[in-house]
There are 2 protein chains.
Amino acid sequence: MAQIRDVSKLAGVSPATVSRAFSDPSKLSAETLKRVLAAAEELNYKPSSLAQLFRVKRTNTVLVMVPDIANVLFARVVSGIERIAADNGYNLLVVDTKDNKDVEAAGIEMVETYRADGVIQLGERALRWLHRDAEKCTIPFVHAIGTGLDESYPTVTINNYEAARSMASYLLSLGHRKIGILAGIKGRLVTQHRLDGFRAAMEAFGVTLEDSLIEYGAYSLAGGAQSAQRLLSRRGDATAFLAMSDEIAIGAIRTAQDLGLRLPDDLSITGFDNIEFGKYCEPPLTTVMQPAERIGEVAMTLMCGVLRNELKGEIHPLLPTELVIRNSVCRVEEPS
Amino acid sequence: MAQIRDVSKLAGVSPATVSRAFSDPSKLSAETLKRVLAAAEELNYKPSSLAQLFRVKRTNTVLVMVPDIANVLFARVVSGIERIAADNGYNLLVVDTKDNKDVEAAGIEMVETYRADGVIQLGERALRWLHRDAEKCTIPFVHAIGTGLDESYPTVTINNYEAARSMASYLLSLGHRKIGILAGIKGRLVTQHRLDGFRAAMEAFGVTLEDSLIEYGAYSLAGGAQSAQRLLSRRGDATAFLAMSDEIAIGAIRTAQDLGLRLPDDLSITGFDNIEFGKYCEPPLTTVMQPAERIGEVAMTLMCGVLRNELKGEIHPLLPTELVIRNSVCRVEEPS
DNA sequence: ACTTGCAATGAAACCGTTTTCATAACATGC
DNA sequence: GCATGTTATGAAAACGGTTTCATTGCAAGT
C-alpha cells in the first residue's frame, strides 16, 4: 500500500502538504491541491487509520457491552446505537459480555489502553462495579437500559416502575385480583423496579401481592415457560400473569396452551418490551412498549456529546413507554 | 497514563526490557522481571494498544458486516462469531450495512486502511461485487450464510437447495399438492436456491410449481403477513405454504388466523431457520434448522485461519441442516 | 587459557501519520 | 522603499510502543 511519502514524492511536495490536502484542503493552493490529489489517486493512496489514530490518540471507536447479542431487545438497542454511530463517524466494537463482570471490566479497560474512546454499557452493572478507583474513573461511559439515575455519567432508560405500575393497573381495572408475576432474574435491579411498580398498583387497588404468586426466572422464552409451569401448578387460581418481558410472556403462553388453557379467557397474560413477535403471537400480546432503538440512539447521541465535550441538556433521560393493548387480556367478573 | 518510559525508569531498565516483560517474559531474568512488573504495577501501567497495533501493523480486529443486526438469525450468527473471536483475542467491529452496497464497500476499505484485519460478510454480496480490482483484492474475507462456493476465500453456509428440497418433500409426502411458496426477496441468490429446491422436490412428485403460487416479500414478520394475505386471496385452494424463513412463516400464521383459518387443519405452514420463537408459536412451527451460531463459529474460525496463514481443511464447509417437525403441518387426503 | 555460544540487556531505528515551527514569497499600508 | 501581515509550504519532532542489532558477562568445550 502506498504511503504518504510516496504520494509526496510523486507530487513533488512534502508529506505535510499531502496530509493537509486531506485534512484541510483550504490550506493549499488550488494548483498544489490538484497535483497532490492526482498523485494520491494514481497511487491509490489511503491514509493508514492505524497511524492516524495513533498520532491523534483517538480511536473513533466506541465499545458496546451487551449481555447477550442474540437477545432481540438488546439487538434492537445495538441497532439504534449503530445508526447514530455511523452518522457520526464512529465505529462500534461490540462484546457479548454474557453478563460476566470480568469481561465487562476488561471492556472498560479497553478505553484505558486506547482501544476505544468510550463504552456504552447495556448490562446491569454500573461503572462503579467495574473499576476499583470508583469515583476516580473518568472514562466516557454511558449506561443504557440500566437503572441508576444518580450517577455522574449519562444514563438512558425508561421508568420501569411506572411502566410496570401502569400495566398492573390496567389488569386490575379489568377486574383481575389474583395476579401471578412472571418475574425476571431475582436480584436484578430492573426486576426489582418492575416488581415494585406491580406491587404499588395492587396496593392502590387494595390487593396485596402474595409471595406465592411470584415466580422468578430468566428473561427468556424458556424461562417464561418454566416459570409459568411452576406458577400454574402452585396457584391455579390466578386469572392473569404479569410477565416482565415479552419473551417470558410468550414462553408462558406456550405453557398455558400446552396445558389446555384457552387464552385469554382462562388466563390473561401481559408482556413487557413490545418486541415484534408479540404482535404475531396467538393471542397477540398486550404489553408495554419500551423504545429499544430509541434508547440506543439516545445513548449514542449522549456518548457523542461526552466525547466532544459538549454534553448539553438532560443527562438522565427517561424515555416514554406506552401500553400496547392487544388480545392477551380479558375482563374478569368483579369479585363480589 | 503512565508510559513505558516511566516504567523503565522506575525499574532502572530500558524500555525494551519493559516491552519484553509483557510480550515474552521468558527472555528476562527472574529478578529483572520481578522488578519491572512491580514498577508497572505501581504506576498502573498498561501498554497503549494504539501504539502497539500501529507498530505491528495489525489491529487484532475483524469487521463483521451484517445486513440487519436486529434480525434474530443474523444476531445468532454474530453471537457465534463473537464467541470464537473472544477465544482468540480478536475484537469485533460490527457494522449494520442495511444491505447497502456502499456501506459494504466502505467496510472492506477499512481493512485497506488498517482499521480491521479482515471482514466477515453476512450479507449476500460476494467480495467481487465490493471491490473494483476484483481478483486482485486479497484482503482476508470470509463469507457466511452466503451462497458462492466457487470463490477463492472461505465461505460457510448450508445447502439451501437441499434443505428446501427436503422440506418440500416432507410436505409432498404428506399428500400436499397445492403448495404456495412464501418466498423471500426476489432476486436474492438464497431465495433462488431455496426456490429451486422446492421446485425439484415437486417435480420429483410430478407436480409443477405454478407461478401464481409464488409470492415474494421481505424476510420478515410483516413481509410474511403480507405475502400470505396476497397468496391466500389469489389461491384459496392451497393446502400448505412453504415459507422461506421462520419470520415469514410466523407472519403468515398471523394472517391465516386473522382470516379465521384453523392451523394446521385448514392450512399447513412451514418455516426455515428454526429460530427460537418458532417453537413457541401456535401451532409450533415445523421448519428446517439452520445452525446459525455454528455458522458464525465456523466463519470466525476460518477467519482466524486466514489471519494466521494456517488455513487447513475444507474452505467451503456446508453445515448440516435438519428437519424439525412440530405441529404446523398436517396430512392431507391423497388426491385421487 | 582461549575460543564459542548463549542469555540478558540496552541503544537506536522504526512504524506512518499530524502538527508545530520556521521560512519564503508576496501583497499591503504608510 | 520599508516594516508588517498573510499565505503556502517544508523540516523535523512527536506519538508510544516493538524489534533489530550490538554488547556484555558467563558457562561450556577444547
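A, B, ... follow the sequence lines: proteins, then strands. Residue 1 opens every chain.
When the C1' atom of D:dA8 is taken as reference, atom NZ of A:K34 falls 17 Å away, rounded to whole Å.
Residues meeting the ring-ring contact (aromatic ring centres under 6.0 Å, His included) test with A:Y219, sequence neighbours left out: none. Scanning for salt bridge (charged side-chain N to carboxylate O under 4.0 Å, His left out) contacts around A:D150 gives an empty result, with sequence neighbours left out. Not a single side chain to side chain donor-acceptor pair (under 3.5 Å) links B:D87 to another residue, sequence neighbours left out. Scanning for ring-ring contact (aromatic ring centres under 6.0 Å, His included) contacts around B:Y153 gives B:F141, with sequence neighbours left out. With sequence neighbours left out, B:R294 forms a salt bridge (charged side-chain N to carboxylate O under 4.0 Å, His left out) with B:E297. For B:F54, the ring-ring contact (aromatic ring centres under 6.0 Å, His included) criterion is met by A:F54, not counting sequence neighbours. In this structure B:E41 satisfies the salt bridge (charged side-chain N to carboxylate O under 4.0 Å, His left out) test with no other residue, sequence neighbours excluded. Contacts of A:Y90 classified as ring-ring contact (aromatic ring centres under 6.0 Å, His included), with partners at least two apart in sequence or in another chain: none. Applying the salt bridge (charged side-chain N to carboxylate O under 4.0 Å, His left out) rule to B:R35 yields the partners B:E31; only residues at least two apart in sequence or on another chain are considered.
Of the residues in residues 111-119 of chain B, none has a non-hydrogen atom less than 4.0 angstrom from any atom of DNA chain C.
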Between protein and nucleic acid, restricted to nucleotides 7-9 of chain C and to nitrogen or oxygen atoms under 3.5 Å apart, what atom pairs and distances do you find?
from, atom 1, to, atom 2, distance (Å)
C:dT9, OP1, B:S29, OG, 3.2
C:dT9, OP1, B:T32, OG1, 2.2
C:dT9, OP2, B:S29, N, 2.9
C:dT9, OP2, B:T32, OG1, 3.3

Tabulated below should be each protein N or O lying under 3.5 Å from an N or O of nucleotides 13-15 of chain D; please produce it.
none

